[in-house]
There are 4 protein chains.
Amino acid sequence: MRAALKVAVLGPTGYSGHELARILVRHPRVEPILLGRDNGEAREKSSTRVFPGLSGDRNYSLHMFSWEILRQHGVELFFLATPHEVSRDIVPEAMDRGLRVIDLSGAWRLKQPEHQAVYNFDNCGSAKAGEIMDRAAYGLPELNRTQIAGANLVANPGCYATSIILGLAPLLKAGLIDRKRGIISDSKSGVSGAGKEPTARTHFVSVADNLSAYSVFSHRHTGEILEQLHLEAPELIFTPHLLPIPRGIFSTIYVHLVQPTAPKTVKACYRDFYAGSHWVRTFPTPQLPQIQFSLHSNYCDIGFCLADDGQRLIVVSCLDNLLKGAAGQAVQNMNVMYGWKEEEGLN
Amino acid sequence: MRAALKVAVLGPTGYSGHELARILVRHPRVEPILLGRDNGEAREKSSTRVFPGLSGDRNYSLHMFSWEILRQHGVELFFLATPHEVSRDIVPEAMDRGLRVIDLSGAWRLKQPEHQAVYNFDNCGSAKAGEIMDRAAYGLPELNRTQIAGANLVANPGCYATSIILGLAPLLKAGLIDRKRGIISDSKSGVSGAGKEPTARTHFVSVADNLSAYSVFSHRHTGEILEQLHLEAPELIFTPHLLPIPRGIFSTIYVHLVQPTAPKTVKACYRDFYAGSHWVRTFPTPQLPQIQFSLHSNYCDIGFCLADDGQRLIVVSCLDNLLKGAAGQAVQNMNVMYGWKEEEGLN
Amino acid sequence: MRAALKVAVLGPTGYSGHELARILVRHPRVEPILLGRDNGEAREKSSTRVFPGLSGDRNYSLHMFSWEILRQHGVELFFLATPHEVSRDIVPEAMDRGLRVIDLSGAWRLKQPEHQAVYNFDNCGSAKAGEIMDRAAYGLPELNRTQIAGANLVANPGCYATSIILGLAPLLKAGLIDRKRGIISDSKSGVSGAGKEPTARTHFVSVADNLSAYSVFSHRHTGEILEQLHLEAPELIFTPHLLPIPRGIFSTIYVHLVQPTAPKTVKACYRDFYAGSHWVRTFPTPQLPQIQFSLHSNYCDIGFCLADDGQRLIVVSCLDNLLKGAAGQAVQNMNVMYGWKEEEGLN
Amino acid sequence: MRAALKVAVLGPTGYSGHELARILVRHPRVEPILLGRDNGEAREKSSTRVFPGLSGDRNYSLHMFSWEILRQHGVELFFLATPHEVSRDIVPEAMDRGLRVIDLSGAWRLKQPEHQAVYNFDNCGSAKAGEIMDRAAYGLPELNRTQIAGANLVANPGCYATSIILGLAPLLKAGLIDRKRGIISDSKSGVSGAGKEPTARTHFVSVADNLSAYSVFSHRHTGEILEQLHLEAPELIFTPHLLPIPRGIFSTIYVHLVQPTAPKTVKACYRDFYAGSHWVRTFPTPQLPQIQFSLHSNYCDIGFCLADDGQRLIVVSCLDNLLKGAAGQAVQNMNVMYGWKEEEGLN
């Protein structure tokens, strides 16, 4: 067995970064170091303070980020669990230094300028950004395994995007969907998807006993979904909602099939597409996934219900936004990049 | 001022019945008696046991139901907060005895036989049921004020149905919606909507940290919505979900307009339709209702968001399923039936 | 009937201030104006923005605070729902201007310097503060009715303090408790008690699926409890915990009685003490209050359980921290100050 | 390496049994079979139905229990996740058949007849029960490692009992506590501790936005705590509360020390007692454990806060009731019984 791969995580104190640290510390093939972006984050070296749930585990000590510390530790693979502005700044130099990068932000997911606009990339990133973007692989292994395996920069997908793309890709590839009738994803997410920053919107009293819609017709993940599924903007409506739960995503996806279709055809479509994909589970009709089923796992669960007319189809796609929707998928991408089994370190 | 109207509530220990009792006890124009359906329900006369939240309030004592007790108390208006089978049994005799009835169950809401099928009415109700059904008014005051005012039997609408019908009626009446493109209501409800019966599905551990869809393409409220909105079955998809909150409904409704339309036209459509309707609030764009805003009130809150193309429209409709979705609406119906202000006793 | 009393609320956008506004707008004897402390708060005059749950109700328009606006409106009674530093600044001038004041903060609750220390009053308030403090009435009507009725400044009690004092006062007055054995209140509160400021601690993800203790041996409400119950500091342990619910307080209070006592004696002690106190409900053994029972009401619910030895006694005291623990109690105090029934406007 | 140990789980569809199955399927040293107690439980062989969260994993297929199936699979160790009545019936025969047993119920935890009374053992179990009870080891490894290692029957502790015993044992052993002053454990538990049976008490609407106390002075776990800590009944008050969360226990424990003591003495007392105990974490003052920190882990977290007088001490003890409070501890006991590392299979 080859020596452990040296990896680093920048930003391990956010929700996704924390999950990433937790997984990597136990992954049998890697040796991680955890890096804080500034004194504030890195100061508290005691794991008890930063990760009280991980009290007493020495593996969680934090270092302050510098290129030098990466060099000293012989880091080969660099995970960024940072805001997209930070990722735009750091990735060009990381590429220059010969590091492979898995970036969990939205910094490198979008090829098409009209989709990039929502991120205001003009205010961040170097002149090389355009060229780097061209080489980035969109890190959804179920769609892009080969590309990810050979990539030096993997753009880890958004949580909503993962749930919606995995729910739709098999049907679109098989040409079953009448795109002109429009596709609607009514998606619901737990609060950790909104990040760790305390805001009026994430205050417990604002979320508990409540449901709200937000970013209607304007959520940032829309571009990823369109690009990966080769859809035109008017063909997709994606409406995010904030659920009073800490984690989990549930997408209820409405499509119209081009012709009356049997349930078994739909089932076969999913089964064939996801043959060999350990981390997607398709549910036998009439059972539908629920958020609890995939919580604390790297699974994306997919089920469907077809109307009697054989054309109106509802797909339900669930996942844990911090795992298959973020940190778990990042580790799955690493497994693909290094030729390991995709479930390695994720059970 | 005329003497207080004598009313009775059958079934005040369920969630809707409890809310109904709570409102009627404080309503300035009525004098309620509360009736249990069997010894089990009526035995505990101590209000502390049956209504611990209402401890010490003598007005909540329970009596055992009999026609005789209704006669003794001079009851004129009879509220049924009972399962639909019970309502089918009781209403014919209540009508014969000259009582006016507001029934909160699904027993008398549906005129069309194909919609009634889901209730298995053959197994309950008398031979007169068909004739009675014809005379029942569907108790949504914002649509049917006149009919309700003159009715002896008011069928109080379902909670989901109220939220969806009120969100769509103005647009459909104005002919703005392209019905051929299909209407989708992705609706989410708190757990009290599933009733007080303890089941595996309503167990705290099954609901908390979760979201699930249920009765996909087959929920009982579908028929009401179709009938009241004059839609054909294939034109509507209604998908209910169970939220991890005690009460509240949120419907995200997707429609396609017949032609590009300005937001102000949509706004005017709602404003005109609900002019004079105290219990519907329309929100100024871009603000959308949230479940918290109408909780513990009789309001149905409606907001919308129109895509740039002026055709893809998302309507959000929220209400408290136990108030505007059940007990509050029942009291509003009573207010209409007796010519009182619709907000009487509901603030 | 005399003309409506003119009252003003400063700080109606916090949790307690919001509840206070909601109650006063419906109170039959008063006419309130709502005042923001700065441009930020007062700017949004549209009630829809500041109070989305109160959308469309013109009574909730906000004005910017000034002494002049109080004069113009003929305000007689001034409610302060402000941080204690602000209350320390404003109250002296309000007294000079002849206003009566009900202050919801901790600014004027404490007579003894050793208890005041936790508030750092040196940094706020005028030279007259000491004299003003002497004249302030502690606004717990069940203990201090007479004093409140004649006071110009009423210091509305803390939420925890209300639940604990009401649970203990009857037993202490009757001399039933062995104070040397120590009194413990293990108290649990919903998150609204921690205020509306978004912090890491009030983030939904920090609170949900969790319980934590805080301010152990050091909570600010301790001084109030000691003063009102005439206890020495070592005789009381009070431990607050943060519950994953929006509102409600539950205090489990442990005392040791001086001698073996019958349950009926304990019951009589509470019954006698609270005779004539509408807003305290004592529960019949063995039933104990739960948070749900008093939620959205102004009740403080009290129950108890006595061990077989007749000496180890557990008292449970529940209330809604925003009502009997804040805004409801403030209105109850107003009712006492003006000689109205204590339940006026609070049902 | 020796061949995998064959183990069986009876009752894998309850909450504790489910967690136990989940852990054992991944444990590197065992090969489990899962057994249903009746046709109802065993019928659904499809893992998707019984364990929807474990969909598609063949390891979760269920068999119907019989002694024959245990023999066929060569089972050596038998886990019972069954009601205590069932455990009383099954264990005597299991012992006769030479099986080692870890029982998660309360059937074999209590030596003293006065504590057994609450379980009504007269109605279940064979004549040999008394003799078997004498040989049962109380399965708390941190106290009874040696006895557990040699036992054929291990009585897995109750969840509350584990949190309270681990919080108190070091202090009592060191003689620091003034037992005459009384010990109080105010404990709070998530709903899974109440079992999977749907009841009025576990209905989502009864639990959400609520807190309640129950079994005051009478909870079944009291006997275990007294026996393991060698306390007399009047020395301990244990009050359980039901939290609106799915899982987790938080015990706030109040003791009085025999003399003024330094925090470092208390700290050393815990540190020495739990040296070598992987699954107990002691927190550095002033940090206290929270339920979230130990959730989904086998840790019991302990922290404390000492009053300035050095005598009034508050201990906080947290754990996941389904792991360290049930299934995790059962696996830890297995690890001890077979001489493996205590953390084996539990990370």
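In what follows, chains carry the letters A, B, and so on, assigned in the order in which the sequence lines appear, proteins first and then strands, with residues in each chain numbered from 1.
- Nearest approach of A:I245 to C:F204, heavy atoms of both residues: C-CE2, 3.3 Å.
- Residues C:A200 and A:P198 come closest through the heavy atom pair N-CG, 3.5 Å.
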Scan chain C against chain A and return every donor-acceptor pair whose distance is under 3.5 Å.
residue	atom	partner	partner atom	Å
C:Y15	OH	A:H203	ND1	3.4
C:G195	O	A:H203	NE2	3.0
C:T202	O	A:F204	N	2.8
C:H203	ND1	A:Y15	OH	3.4
C:H203	NE2	A:G195	O	2.9
C:F204	N	A:T202	O	2.8

